[in-house]
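Each remark here refers to the structure printed beneath this line.
We name chains A, B, ... by the order of the sequence lines, and we start the count at 1 in each one.
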Amino acid sequence: MSLSIMLKVLRRHALMPTLVLLQVALACAILCNVLFLVWQRVQPMVAPSGLAENELVLVDQIASRVRPWTGAEVRAGQLALSRTPGIRSASAALGLPMISMMMIDYTLQSPRGVKVGVNGYFGEGLVTSLGLQLIAGRDFLPAEYRDFGVNQSSSAVPGTASPEPIIITQSLARQLFGDQPAVGQMLKVPDEPDGHGYQVIGVVRHLMRNQLSLATDGRADNTLLAAKRIGDTAMVGYAVRIDPAMREVAMRGIRDTIKREFGPLMAEDIQAKIDTYAERRHEALTSARAALWLFAGVTLAVIVVTAIGIMGLTGFWVQRRTRQIGIQRALGARRGQVMRYFMVENLLIAGAGVMVGMALAYVANGVLMHYYELPRLPWNYMPIGGVVVLLLGQLAVLAPARRAAEVPPVVATRSI
Amino acid sequence: MRYNLMLAWHGLRRFPRSTVLAVLTVAMGLAATMTTLALLHQLTADPLPGRSSHLYLAWVDTVHAKPQQNQSLNEITVENYHRIKLGDARELLHDHRAAWQAAMASVFTELTGDGEQPRHARDYVLATTGEFMPLLGVSLRSGRGWTPAEDAAHTPLVVIDSEMAQHLYGTTDVLGRDLKLGHGVFRIIGVSVPFRPQPHFYELAAFGFGDRRRDEAFVPLSALLDAGVDLAGSDGCDEDAPKQKTLFGTDAIHCASLSYWVDLPDRRQAADFLAYLQHYAENQTSLAGYGKPAHAELTGVGTWLSKQNVVPDNVRLNAWLAGSFLLLCMANVAGLLAARFLRRGAEIGVRRALGAPRRAIFQQHVFEASMICLIGGALALPLTLFGLWTLRLQDSGFTDLARLDPAMFAALFLLALVVGVVTGWLPAWRASRVEPGLQVKSA
């Protein structure tokens, strides 16, 4: 049967196809947007961290009640931790992966003019303590570290006279320098064009940023390590790399050491948090997981409702045309042809619905983007959502179409 | 009309399967929408009904420092600097240009009762000035507030809230007793009714929703500073301050650490007050050389809350998502209804042939649709409660506010009715177009 006849039939009885079209359009628009939101949440979960995850213990929220910790106290803690049995290495740090309590904000500008927003991590020996994999250049030399603390960071202290050495990630190197080798390159701070800027001395394979909301669209690894030793600070954390075979001993050791070193001066209302990396990761991704469950629920509900709608409407549509189908069958149409007719018809309606739906999705995303901090829906989500809905339509129409194919030719002879 | 209602009711029972399907679909859509709307409703509620429309946060930029550069590609913006220094607060209080005004800072500190074995608590107290009570609408159970003279004299007085009094002293009859804050001893002169506006909008350092967060006592700012309690947190300090700035220590004289709220009953007064503030900013000769324009701002409560992104974007996004899901459910139910109405074309034909006007047919079918949606609404109620319960389980700081109040309960049924009428419109119209002759013939 030709397409023009099919269209004519659809136009004659416009109500059913219109309702199906409406449902498909809405479902498509919702699914495109939800898929996109899901991907935004999933990206931080699947991004490689670059850390020795199984060996890492993170300690933070060591807060003083009376005065900032001195640099000496912070280093004594680091020393005591690294001498604890079961511990391979420990670094005092500001900013730690999966902990959003403190985020260090950098904006880097490459000689080519590329600007990238980056999260930094401060601390002595972090490459070892976090278990990072250096793929080019070298780690910081002990002499390169500068103290960073409350007093040192205030504007009264003059800046360094030479560019500050930094270690960046592979992905960041590619964004900033393209194919050129990154080691030795200079970077500037956009706000301070005449500052000394930074010099890249090493590149690590991966290092996940702790601003998880930005760990999307290839920005998960926008991270740098700065050659800063933690000086006086009101709040300090430690990255501790343990021997996984001695986990129990090491955890107990860390707890005792922190208590011994910092306990007497620690604020009562803030407890030091000592957790394995896996625990911190679980905690940091809680809200993303909750959102995923919600979106999964929405997707399921949309799919079920749409499928039911299409099935119900097409079923009725088939029933109404039982006699015509019988006539067609009597005139020699085969079962497969009848079935195909309904499948193609559904494809036609759903296709139109998907077109409308994609336009709707785009407009909806535009509106949402205008009011909320939401990135633009990339084009490639539209066809994905569209195809999902088309497949759904075909599946939903299967049962009614089969019922239509089962109509015996003899129906044509009845009741005329 | 009664007859049409009855027919509609019969219609419902004729096809129980599709009725159940339609009811379930509507219930799902309604429940999703109501769950998100109830949360949104709670989060956007006026923190101080009747009062917040004429409360404003006043700000003048007098910090001796270069203007902040805040170019960051990490979506961290630090431009909502809205606290002022102690000196400016004193000047503004002295000029007294608004109906009510008070400087305030919410401080986390230790409270200690009196007696042989005093009880402790660590919680927030609001360091403020005399007019906070009429300004914010804090009400007293007993005793009194303090006077401007007592403010000026740095008299150690405190107004404690009844729950904290109960906790520290075991009674709310505590007038005249002593409360230790920092290294000072403060005499209790008033017991207040617990003051917990949602969100805790009036003080920025500890901003947010939740029952746990409220100010347990109100203390004169000057006396609390004398007792050595730190204000903890500022929007920037003078570069020429004698004391080095520290991360947590705050020098109130040189650091912008106080929120200054004023009550301005009408627009004209608000405009006058802003002009006065601007004038005040322009007269700050000491700011010359820092390259800053004279800058004053007056922000209403509503603007302030939206500027601070108090309601998480996620919540609004989910409401949109739920709303569009409801639309989908409506389209679905419209389809189910259309199929069901047209299936009974023959009956409609008979009714029409017997003289029923189109209007009656239309009415009958709209009734039927509305009934389905109302039943769906009734079913949506437990579903909504379940949805809110799961939201509360997630605990993201504000979700304990996810509750259904009577207004939202009424809104649920109104929404169900509207959805019913809107959904039924098209199928009912189509049903009322049925030609009597044709249908009777073929029946």
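Of the two parts of A:Leu37, only the side chain, counted from C-beta on, holds a non-hydrogen atom closer than 4.5 Å to a non-hydrogen atom of chain B. Looking at A:Leu313, the atoms closer than 4.5 Å to chain B (heavy atoms on both sides) all sit in the side chain, from C-beta outward.
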Show which side-chain atoms of residues 16-28 of chain A pair as donor or acceptor with protein atoms under 3.5 Å away, not counting sequence neighbours.
residue: A:Thr18; atom: OG1; partner: A:Ala14; partner atom: O; Å: 2.4

Got a list of side-chain donor-acceptor pairs under 3.5 Å for residues 323-339 of chain B, not counting sequence neighbours?
residue: B:Ser324; atom: OG; partner: B:Trp320; partner atom: O; Å: 3.1
residue: B:Ser324; atom: OG; partner: B:Leu321; partner atom: O; Å: 2.9
residue: B:Asn332; atom: ND2; partner: A:Val305; partner atom: O; Å: 2.4

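A distance of 10.5 Å separates CH2 in A:Trp317 from CG in B:Leu342, rounded to the nearest 0.5 Å.
For A:Arg321, the CZ atom is densely surrounded, since the number of other residues' heavy atoms within 6.0 Å is greater than 12.
Of the listed residues (A:Ala301, A:Gly312, A:Gly297), the greatest number of heavy-atom pairs within a distance under 4.5 Å of chain B belongs to A:Ala301.
Taking the side chain to side chain donor-acceptor pair (under 3.5 Å) definition, one finds that A:Asn365 meets it with A:Arg376, sequence neighbours left out.
Contact annotation for residues 18-35 of chain B against chain A (heavy-atom separation below 4.5 Å, listed by residue number): B:Leu21, B:Thr25, B:Met28.
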